[in-house]
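What you see below is based on every heavy atom in this structure, not just the backbone, and it leaves out hydrogens, waters and symmetry mates. Counting begins at 1 with the first residue of the sequence. This one's a predicted model, so the numbers in the text were calculated from it and none came from an experiment.
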Amino acid sequence: MSYDLVIFDNDGVLVDSEPISNSILAGYLSELGHPTTYEESLRDYMGSAVHRVHDLVLDRTGRRLPDDFDNTLHARVFAAFERELKPVTGVSDVLGWLVAAGVPYCVASSSTHERIGVGHRATGLDEWFEAEWIFSAQDVGRGKPAPDLFLHAAERMGVPAERCVVIEDSPLGVQAAKAAGMDVYGFTAMMSAEKLVGADAFFSDMGELPGMLA
């Protein structure tokens, strides 16, 4: 095994949440008078914490989002997760392979702990993760593309950054992993390799990952 710790992003890597959450985000921003397409939401916000939405809207329009924006957005997303969310195809097999191989793994996500938990319970992935293996942008001062979250996860898991590999599907996540001094494998199920600039390797099917890690 080439690495001592596998760090998974959550949305789009473990749970197939990006189509759901970005459709809701684009719709809500448009409803508030900030016309946003699904494609624009993916481009601007995929892989980031919700504070990036506030920052970009303020920067572009000079207007602040409502005080209850986060709560309303999360309520809509959580309700959709309960109805629709599925795990990424093949990810349970990957986690089972890591357990059998004795390789530690964890989650480092821009999402809140609450959102991660809702998604994992809805998809049954909660059985694969102990609470102390789950890290959120809430735990650090700066989210992706800053390296803080990945460095925090590695420190808490007791593994040097250079012995970690990150599994990411967003440009911001790839930037964060490289800034942390970690290798990063780009999952191209939603974004092409050309958009995941800087990743060390690419794969489009979770079934490929064990062979790349072995």
Checklist line | Polar side-chain atom of S30 near backbone of T36 as donor-acceptor pair, under 3.5 Å | finding: yes

Ignoring hydrogens and angles, write down the donor-acceptor pairs under 3.5 Å from the side chains of residues 203-214, residues two or more places apart or on other chains.
{"residue": "S204", "atom": "OG", "partner": "E208", "partner atom": "OE2", "Å": "3.4"}
{"residue": "D205", "atom": "OD1", "partner": "G207", "partner atom": "N", "Å": "2.6"}
{"residue": "E208", "atom": "OE2", "partner": "S204", "partner atom": "N", "Å": "3.2"}
{"residue": "E208", "atom": "OE2", "partner": "D205", "partner atom": "N", "Å": "3.0"}

Checklist line | Distance in Å, Q175 CD paired with E168 CD, rounded so as to fall on 0.5 Å steps | finding: 10.0 Å

Margin query: I'd like to know whether V57 forms a side-chain contact (heavy atoms from CB on, under 4.5 Å) with L32, so could you lay out the CA-CA distance, the side-chain angles of the two residues, the decisive distance to 0.1 Å, and finally the verdict.
Written below: CA-CA 11 Å; V57 168; L32 293 171; over 6 Å; no

Checklist line | Exercise: identify the closest heavy-atom pair between S170 and L196 | finding: C-CD2, 3.5 Å

Note to self: With rounding to the nearest 0.5 angstrom, report the OH to CE distance, Y105 to M157.
What the structure shows: 9.0 Å

Notebook entry, point to check: Would a 4.5 Å heavy-atom cut-off, applied to side chains only, mark M182 and P147 as touching?
Noted result: no

Checklist line | Contacts of F69 that satisfy ring-ring contact (aromatic ring centres under 6.0 Å, His included) - sequence neighbours left out | finding: Y28, H54

Please list every donor-acceptor pair under 3.5 Å in which a side-chain atom of residues 76-92 meets a protein atom from a residue at least two apart or in another chain.
{"residue": "R76", "atom": "NH1", "partner": "E31", "partner atom": "OE1", "Å": "3.2"}
{"residue": "R76", "atom": "NH2", "partner": "E31", "partner atom": "OE2", "Å": "3.1"}
{"residue": "R83", "atom": "NH1", "partner": "A79", "partner atom": "O", "Å": "3.4"}

Note to self: For residues 9-18, which residue pairs pass the salt bridge (charged side-chain N to carboxylate O under 4.0 Å, His left out) check, not counting sequence neighbours?
What the structure shows: D9-K144, D11-R115

Item checked: Between CG on residue L73 and CG on residue D68, distance to nearest 0.5 Å -> 10.5 Å

Item checked: Residue pair S110 / S48: nearest heavy atoms and the distance that separates them -> CB-C, 3.4 Å

Notebook entry, point to check: In terms of hydrophobic clustering (I, L, V, M, F, W, Y; side-chain heavy atoms under 4.5 Å; direct or indirect links), are Y45 and Y38 co-clustered?
Noted result: yes

Check: CG/N10 to CG/D169 distance, rounded to the nearest 0.5 angstrom?
Finding: 10.0 Å

Next item on the list: Name all residues meeting the salt bridge (Lys or Arg N to Asp or Glu O under 4.0 Å) criterion together with D200; count only those two or more places apart in sequence or in a different chain, and write none if there are none.
Entry: K178

Margin query: If you compare all heavy atoms of C106 against all heavy atoms of A153, which two are closest, and at what distance to 0.1 Å?
Written below: SG-CB, 4.2 Å

Checklist line | Non-neighbouring partners of Y3 that pass ring-ring contact (aromatic ring centres under 6.0 Å, His included), sequence neighbours left out | finding: none

Note to self: Are the side chains of V174 and V197 in contact, using a 4.5 Å heavy-atom criterion?
What the structure shows: no

Next item on the list: Using a 4.5 Å cut-off on heavy atoms from C-beta on, say whether the side chain of V184 contacts that of F150.
Entry: no

Notebook entry, point to check: Shortest non-hydrogen contact from A146 to A176?
Noted result: O-CB, 3.3 Å

Notebook entry, point to check: Quick one: CG on L125 to CD on E127, what's the gap to the nearest 0.5 Å?
Noted result: 8.0 Å

Next item on the list: Return each pair, listed once, that meets salt bridge (charged side-chain N to carboxylate O under 4.0 Å, His left out) where at least one residue sits in residues 34-53; pairs must be two or more places apart or across chains.
Entry: D44-R60

Next item on the list: May I ask you to test the F8-L95 pair for a side-chain heavy-atom distance under 4.5 Å?
Entry: yes

Next item on the list: Kindly work out whether a path of hydrophobic side-chain contacts (I/L/V/M/F/W/Y, heavy atoms less than 4.5 Å apart) joins V99 to W133.
Entry: yes

Checklist line | Inter-residue atom distance I116.CD1 - D126.CG, 0.5 Å rounding | finding: 13.0 Å

Margin query: Taking the side chain as everything from C-beta on, heavy atoms only, tell me whether M46 gets closer than 4.5 Å to L172.
Written below: no

Notebook entry, point to check: Counting distance only, does the side-chain N/O of S109 pair as donor-acceptor with the main-chain N or O of S136 below 3.5 Å?
Noted result: no

Next item on the list: Using a 4.5 Å cut-off on heavy atoms from C-beta on, say whether the side chain of H34 contacts that of L65.
Entry: yes

Check: What pair of heavy atoms forms the shortest contact from A26 to S41, and how long is it?
Finding: CB-CB, 4.1 Å

Next item on the list: With sequence neighbours excluded, give me every salt bridge (charged side-chain N to carboxylate O under 4.0 Å, His left out) pair touching residues 132-142.
Entry: R142-D148

Next item on the list: Just jot down the side-chain hydrogen bond (donor to acceptor under 3.5 Å, both in side chains) partners of R163, sequence neighbours excluded, or say none.
Entry: D4

Margin query: My understanding is that only residues two or more places apart in sequence, or in another chain, count here; which of them pass ring-ring contact (aromatic ring centres under 6.0 Å, His included) with W128?
Written below: none

Margin query: If I compare all heavy atoms of A161 with all of L151, which pair ends up nearest, and what's the gap?
Written below: CB-CD2, 4.2 Å

Margin query: Going by ring-ring contact (aromatic ring centres under 6.0 Å, His included), name the residues that satisfy it together with F135, two or more places apart in sequence or in a different chain.
Written below: H152

Check: Are L14 and F129 side-chain neighbours, meaning at least one heavy-atom pair lies under 4.5 Å?
Finding: yes

Notebook entry, point to check: Partners of S192 by side chain to side chain contact (heavy atoms under 4.5 Å, CB included), sequence neighbours excluded?
Noted result: E194, K195

